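Read through the structure below, which is laid out as structure tokens, and then see the notes.
Computed from a prediction, not measured in an experiment: that's the story for all the values here. Each ligand, and each atom within it, is numbered from 1 in the order the structure gives.
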Amino acid sequence: MQAETNDKMEKIISLCKRRGFVYQGSEIYGGVAGLYDFGPYGVELLNNIKNSWWKENVHARDNYVGLDSAMFKDPRVWEASGHTKGFSDPLSECKKCNTRIRVDKELEKIGIVADEKMSEGELNKIFTENKSKIKCAKCGANDFTPVRAFNLLAKSNLGDFTNAGDRPVYLPGEACQGIYLNYKNIIDTVRVKIPFGVAQIGKAFRNEISPRNFLFRVREFEQADTQFFVRPNENKEAYEKIKRERWAWYLSLGIREQNLKWKQHENLVFYASDAWDILYNFPTYGFDEVEGIHDRTNYDLTQHMKHSGVDLNYTDPQTGEKFIPWILETSMGVGRVFLAVLSDAYTEDEIGGESRVVLKLANHLAPVKVAVFPLLKNKPELVEKAREVYKMLKKEMTCEFDDNGNIGKRYRRQDEIGTPYCVTVDFETIEEGSGVTLRDRDTGQQERVKIEDLIHKIQNS
Ligand code: ATP
């Protein structure tokens with residue numbers, strides 16, 4: 001039996017496993033660090049978050065279109081983007097137990113800001129000066145190897161049949177590159193005019209040195225990105241609007257505003273004009289990044305134009321003027337938002353004098369919208385009617401049937417996975433035809449509702 005814990009994040013992680021939201025990747029082989037699988041309820045929640053994002057960023061807008069580009073790309077893409085050279089984290093190893101550490105994060109813990117743009121030499125200097133204050137988390141020693149820049153790109157031999165391994169293709173270090181590669185295709189094939197945006201949800205892989213904090217820092221994850229193409233220098237107003245819209249989307253997920261925070265980047269990369277992150281206040285871990293909003297000038301398209309030799313200038317259809325568009329990017333980690341949503345929804349309260357765990361998820365995110373119970377399992381007429389109601393609801397929304405254990409237990413099970421409503425078929429339903437009881441997850445209140453009104457009632461509250 002698992003020990004009781006007061007740590008909220010540990011409780012959430014345990015609920016994720018217990019209730020089929022998230023499993024450790026390759027668990028039966030002992031698990032692989034930084035890889036997670038989303039279980040039956042997890043995939044529903046994940047899809048609901050992605051659908052809400054897609055609706056907001058594609059369907060609800062006039063000037064955004066969607067894309068789903070191939071994960072593998074010509075290796076030159078990652079040279080053009082700077083990933084083969086500059087996409088690295090500073091790595092050092094404990095000489096005693098070989099535990100790897102991410103030097104910038106360790107320095108951060110002792111109050112020293114190690115800029116991600118610092119050279120290996122600069123970092124080594126700061127690390128040498130301060131490493132007496134850093135201890136290995138595993139063995140407690142403080143004897144470390146010199147810092148080396150470790151590239152985070154993961155390689156594959158897809159399409160290379162030589163066995164030599166000298167023509168690697170890369171798994172995407174970020175999902176958005178496919179948008180730059182298809183920018184010209186999109187302009188040539190669908191009727192978009194600047195300013196316009198392209199949205200994509202895709203996988204990213206990073207050889208993170210020390211994956212940690214559950215879904216927060218993993219080696220395989222999904223990013224939901226938008227790239228908004230604007231005329232040069234017409235970036236400021238659009239950037240502010242995008243920032244406001246992204247903030248509002250988090251509130252639409254039911255996340256409490258006090259758990260969100262903006263953080264502006266202090267040291268911008270040389271080509272960027274501005275960069276802000278949205279942070280969420282994770283239990284135990286504190287405020288950390290869920291999304292980056294970047295004003296990237298014309299860097300990305302200029303790089304791809306240089307490396308591919310293809311003219312990526314935009315020609316204004318009215319004036320004939322040619323220019324490389326500037327790009328405003330939003331890049332969100334879907335797994336981090338999943339964890340933020342769960343953290344915000346996780347509640348321990350009391351209902352009818354009994355303590356319970358409940359996920360107060362927004363209705364549109366809940367994996368199961370409604371559960372149907374016959375009051376008693378051994379009364380065929382109740383079970384039959386409940387099955388009928390279940391079939392009716394299942395055509396319209398995610399719905400579960402449960403006749404296992406007493407009603408209280410069934411409510412608790414649904415509370416723990418965040419189901420907003422439970423329907424119970426009882427003797428009144430059968431004898432007097434007076435509808436079913438509909439129980440509200442958050443208040444525990446029940447009301448009688450006619451069967452024919454159920455769908456409307458659930459979908460509209
Ligand atoms: P961090 O500083 O936390 O490593 P980053 O600034 O490198 O993040 P970006 O490259 O801007 O992140 O990626 C955009 C988003 O992708 C981040 O805001 C985050 O939500 C998500 N993300 C990045 N790295 C990871 C990771 N290892 N695991 C899970 N999500 C990630």
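Contact check on Lys109 versus Glu106 returns a salt bridge, with a Lys/Arg side-chain nitrogen under 4.0 Å from an Asp/Glu carboxylate oxygen.
Residue Glu291 approaches ligand 1 through these ligand atoms, each under 4.0 Å from one of its heavy atoms: 18 (O). The Ser331 neighbourhood of ligand 1 comprises atoms 14 (C), 15 (C), 18 (O), with distances under 4.0 Å to a heavy atom of that residue.
Polar contact check, His294 against ligand 1: no nitrogen or oxygen pair lies under 3.5 Å apart. For a threshold of 3.5 Å applied to N or O pairs, the pair formed by Gly333 and ligand 1 contains at least one separation below that value. In terms of polar-atom proximity, defined here as any N/O pair under 3.5 Å, Met332 makes no such contact with ligand 1. Any N or O atom pair closer than 3.5 Å counts here, and Leu215 shares no such pair with ligand 1.
Atom CZ of Phe216 sits about 9.0 Å away from atom CG of Leu339, to the nearest 0.5 Å. Atom CG of Leu107 is separated from atom NZ of Lys133 by 9.0 Å, given to the nearest 0.5 angstrom.
Looking at Glu174, Arg206, Lys105, it is Arg206 that brings a heavy atom closest to atom 5 (P) of ligand 1. The heavy atom nearest to atom 12 (O) of ligand 1, considering only Glu220, Glu289, Arg217, is found in Glu289. Which of Glu222, Glu208, Arg219 comes nearest to atom 27 (N) of ligand 1 through a heavy atom is settled by distance: it is Glu208.
Evaluation of the side-chain hydrogen bond (donor to acceptor under 3.5 Å, both in side chains) rule for Asn259 yields Asp344 as partners, not counting sequence neighbours. Asp160 is linked by a side-chain hydrogen bond (donor to acceptor under 3.5 Å, both in side chains) to Thr162, counting only residues two or more places apart in sequence or in another chain.
Across every non-hydrogen atom of His294 and Ala275, the tightest pair is CD2-CB, 3.7 Å. Closest non-hydrogen pair, Cys136 versus Phe144, comes out as N-CZ, 3.7 Å.
The residue Val337 has no part lying near ligand 1, judged by heavy-atom distances below 4.0 Å. When heavy-atom distances to ligand 1 are checked against a 4.0 Å cut-off, Gln223 comes that close only through its side chain, counted from C-beta outward.
Annotation: Tyr36 is not in aromatic contact with Phe221 [ring centroid separation under 6.0 Å not met].
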